[in-house]
Protein chains: 2
Amino acid sequence: MSQTVDRALSILPLLAEGPADLGRVADRLGVHKSTALRLLRTLHDHGFVYRQADQRYRLGARLISLAQEAMENLDVREIAHPHLVRLNEQVGHTVHLAVHEEGEVLYIDKVESRYPVRMYSRIGKPVAITVAAVAKLLLADLPENERRAVVDQLDYPMYTARSTPNADGFLKELAKVREQGWATDLGGHEESINCVAAPIRGADGRVVAAMSVSAPNVVVTADELLTLLPLVRRTADAISGEYSGRTPVKEVTT
Amino acid sequence: MSQTVDRALSILPLLAEGPADLGRVADRLGVHKSTALRLLRTLHDHGFVYRQADQRYRLGARLISLAQEAMENLDVREIAHPHLVRLNEQVGHTVHLAVHEEGEVLYIDKVESRYPVRMYSRIGKPVAITVAAVAKLLLADLPENERRAVVDQLDYPMYTARSTPNADGFLKELAKVREQGWATDLGGHEESINCVAAPIRGADGRVVAAMSVSAPNVVVTADELLTLLPLVRRTADAISGEYSGRTPVKEVTT
DNA sequence: AATGACCGTTGCACACAATGCAACACTGCG
DNA sequence: CGCAGTGTTGCATTGTGTGCAACGGTCATT
């Protein structure tokens with residue numbers, strides 16, 4: 001692993017917290033100012049950091065445009081989006097789409113509730129993996145050994161009294177989810193918010209993404225939300241069909 | 001400038017074009033495969049690239065979450081402030097900066113007029129949403145359904161004879177504002193006070209804030225105030241440029 | 001005005017870390 | 001069964017990144 005690149009890349013999350021000046025960056029990296037300067041310069045030349053008027057550095061536009069491109073290249077997202085919008089129009093609540101990557105689960109699309117009360121989430125943000133309904137679906141589908149590995153190295157924060165407490169409980173929950181083919185999160189992350197989720201599968205039957213509908217108690221009860229399950233599953237199945245049906249991208253050759 | 005980092009960063013735009021395998025990356029960089037491998041590994045460890053099932057590399061999720069976090073932590077006020085001060089020095093009148101949040105529009109910065117006659121406003125205070133020029137800009141940019149939702153649940157107090165009377169009239173005004181890219185409030189809130197406002201846009205083109213210049217009739221007429229419009233718009237554009245991270249200096253890079 | 005403190009910046013010599021090479025391991029294919 | 005195509009590893013070399021110290025600018029303090 002390359003030390004120089006390692007250091008340079010470590011600057012980016014640091015700057016994501018907010019603008020920082022040269023000294024601060026050097027300190028946080030544990031390197032000499034001149035070293036930090038040269039790293040920042042290189043990042044700057046590539047547009048990854050931007051130097052604002054007061055000479056402090058912040059993340060640059062290139063990063064944002066790259067992220068945008070990265071999302072566009074996710075073909076599940078592209079296919080799923082219109083379905084998510086339609087579902088949102090029917091039920092009114094917030095709809096999420098998430099994928100698993102390297103031990104994390106992230107939201108890659110979101111259609112906001114039309115009710116004024118919204119839940120906090122962010123595209124690109126890692127979800128609360130031990131409790132989120134979409135995370136359960138994605139992890140439940142992993143091969144035994146991978147699942148075990150991921151589950152073991154997780155923390156199990158008790159967001160609420162109903163959060164998943166430990167690895168054992170989580171594995172049981174995953175088994176159940178895999179069995180029934182859908183998942184819920186009933187107040188496991190935020191006391192007053194419930195979700196129902198369904199998996200999206202590729203041609204080989206493996207789960208490639210998961211989608212969920214979330215709503216706070218003040219709008220609908222958990223039981224009412226559960227009545228939407230068939231609709232959510234049908235939507236997920238429709239996306240699965242389209243995703244596995246034809247070639248997603250215009251792959252080169254023959 | 002650091003060669004290693006330079007090469008590593010060059011990989012990212014390359015991968016943005018689509019997934020690539022090791023050989024392709026090495027070729028495009030003009031380096032040995034082993035070198036490319038080590039760079040990719042480092043990028044991988046930081047989550048910037050993701051290795052998909054067929055061993056090819058893709059842009060990773062970390063990129064997306066970083067960009068999102070960066071945008072969230074971007075402080076419009078901080079960036080805008082010097083511009084507002086400069087504008088105030090040029091025109092002398094009160095300058096406001098406002099954002100939209102949860103159905104309300106709030107002033108988040110203000111530079112006082114240097115004329116003795118000042119208008120009443122307060123940072124953090126919700127603005128008169130149905131008449132204020134900045135509010136029109138912020139609401140005009142919302143997606144159709146959200147805009148409708150906000151507009152419908154508003155009251156339409158008749159501060160003056162020229163206040164927006166009802167939802168229909170407001171929607172028409174918003175359409176006009178969106179069309180022309182700027183807004184005014186001519187005596188709609190207080191009989192003797194006029195404003196001109198312009199939008200500040202983020203990297204994705206969406207309106208993130210709005211700024212305005214306000215002055216009472218006793219100092220300048222509405223017509224005179226309107227002559228400042230180009231200057232206000234230029235200032236807003238300058239802030240937009242800086243906010244979205246486009247480098248204003250001599251940089252050329254790709 | 002003069003002083004000092006604080007940043008960012010630059011040139012340089014040294015050492016270490018990144019590089020390319022060649023050999024190796026693995027996979028699928030003819 | 002070998003062959004061609006991958007990705008991967010150990011190693012010697014040198015080029016490249018590093019820390020240091022000195023410089024230059026800006027700002028606040030006296």
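Each chain gets a letter, A, B and so on, in the order the sequences are listed, and its residues count up from 1.
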Enquirer: Show every donor-acceptor pair shorter than 3.5 Å between a side-chain atom in residues 5-16 of chain A and any protein atom, with sequence neighbours excluded, or say none if there are none.
Expert:
residue	atom	partner	partner atom	Å
A:Asp6	OD1	B:His46	NE2	2.4
A:Ser10	OG	A:Asp6	O	2.7

Enquirer: Sorted by first residue and then second, give each side chain to side chain donor-acceptor pair (under 3.5 Å) pair with at least one member in residues 163-183 of chain A; sequence neighbours left out.
Expert: A:Lys136-A:Glu173

Enquirer: Under the salt bridge (charged side-chain N to carboxylate O under 4.0 Å, His left out) test, which residues partner B:Arg233, sequence neighbours left out?
Expert: none

Enquirer: Does a side-chain N or O from A:Thr4 land closer than 4.0 Å to OP1 or OP2 of C:dA18, or not?
Expert: yes

Enquirer: Taking only residues two or more places apart in sequence or in another chain, which ones pass salt bridge (charged side-chain N to carboxylate O under 4.0 Å, His left out) with B:Arg206?
Expert: B:Asp141

Enquirer: Please list, chain by chain and in numerical order, all residues satisfying salt bridge (charged side-chain N to carboxylate O under 4.0 Å, His left out) with A:Arg234, sequence neighbours excluded.
Expert: none

Enquirer: Below 3.5 Å between N/O atoms, which protein atoms pair up with nucleotides 20-24 of chain C? Just atom names and distances, please.
Expert:
residue	atom	partner	partner atom	Å
C:dG20	OP2	B:His32	N	3.3
C:dG20	OP2	B:Thr35	OG1	2.4
C:dG20	N7	B:Ser34	OG	3.2
C:dG20	N7	B:Arg38	NH2	3.4
C:dG20	O6	B:Arg38	NH2	3.3
C:dC21	N4	B:Ser34	OG	3.4

Enquirer: Whole angstrom is fine here: how far is it from CG in B:Leu37 over to P in C:dA18?
Expert: 14 Å

Enquirer: Once you apply a heavy-atom cut-off of 4.0 Å, does B:Arg24 come out as touching a base, just sugar-phosphate, or nothing?
Expert: nothing

Enquirer: For B:Glu101, look at atom CD and say whether over 12 heavy atoms of other residues, nucleotides or ligands are found less than 6.0 Å away.
Expert: no

Enquirer: side-chain contact (heavy atoms from CB on, under 4.5 Å) with A:Ala98: which residues, sequence neighbours excluded?
Expert: A:Val105, A:Tyr107, A:Val134, A:Leu138

Enquirer: Could I get the full list of salt bridge (charged side-chain N to carboxylate O under 4.0 Å, His left out) partners for A:Arg56, not counting sequence neighbours?
Expert: A:Asp54, B:Glu78

Enquirer: For A:Pro157, give me all partners under side-chain contact (heavy atoms from CB on, under 4.5 Å), at least two apart in sequence or on another chain.
Expert: A:Thr130, A:Asp155, A:Tyr159

Enquirer: Please tabulate, for side-chain N and O atoms in residues 22-34 of chain A, each donor-acceptor pair with protein atoms closer than 3.5 Å (sequence neighbours left out).
Expert:
residue	atom	partner	partner atom	Å
A:Arg28	NH2	A:Glu17	OE2	3.3
A:Ser34	OG	A:Arg38	NH2	3.4

Enquirer: Could you tell me from which nucleotide to which nucleotide of DNA chain D, 5' to 3', there is an atom under 4.0 Å from chain A heavy atoms?
Expert: D:dG17 to D:dC20

Enquirer: Nearest whole Å is fine: how far is C:dA25 P from B:Gln55 CD?
Expert: 17 Å

Enquirer: Tell me the bend of the helix from C:dA1-D:dT30 to C:dG30-D:dC1 as the angle between end helix axes, each from five pairs, rounded to the nearest 10 degrees.
Expert: 30°

